[in-house]
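One structure is given here, and the rest of the page talks about it.
Heavy-atom basis, side chains included; hydrogens, waters and symmetry copies ignored.
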Amino acid sequence: MDAYASLTSKGQLTIPKDVRDALSLKTGDTIAWTVMDGYLIGTPRNLGFADLAGFLGDPPGGPATLEEIDAAVRDAVGRHVVGDRSNDGQEGPA
């Protein structure tokens with residue numbers, strides 16, 4: 001999906017409707033922004049942490065802090081978006 005947004009004089013962006021619909025974004029949702037290798041990566045934060053609790057089972061190294069989890073997710077999303085190979089050997093999008 002290709003979409004474009006223009007930056008206003010106040011530094012604001014309007015996310016195109018097709019993108020909002022694809023990501024199930026609604027008014028008041030938060031987006032975490034990360035810059036990686038010159039790419040701006042926006043990650044919707046419309047799920048609460050409690051919504052994901054237990055999804056992957058018990059963590060192998062014990063519980064992680066929310067800061068550690070946020071950092072790991074930002075890094076993984078960034079690698080996926082720019083198409084870098086991750087530690088598991090899988091390649092990102094073509």
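- The nearest pair of heavy atoms linking R79 to M36 is N-SD, 3.8 Å.
- In this structure, W33 CH2 and I31 CD1 are separated by 5.0 Å, a value rounded to the nearest 0.5 Å.
- Put simply, M1 and L25 are part of the same group of oily side chains (I, L, V, M, F, W, Y) that touch within less than 4.5 Å, one to the next.
- Here the side chains of V73 and R45 are not in contact, with every heavy-atom distance at 4.5 Å or above.
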Pair up each side-chain donor or acceptor in residues 15-22 with any protein partner under 3.5 Å, not counting sequence neighbours, and list the distances.
from	atom 1	to	atom 2	distance (Å)
K17	NZ	D21	OD1	3.3
K17	NZ	D21	OD2	2.8
R20	NH1	I15	O	2.4

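- The two atoms that bring I41 and G78 nearest to each other are CD1-CA, 3.3 Å, heavy atoms only.
- Counting side-chain heavy-atom gaps under 4.5 Å among Ile, Leu, Val, Met, Phe, Trp and Tyr, the cluster of L7 also holds L13.
- A donor-acceptor pair is defined here as one N or O able to donate and one able to accept, closer than 3.5 Å; such a pair exists between the side chain of D29 and the backbone of K26.
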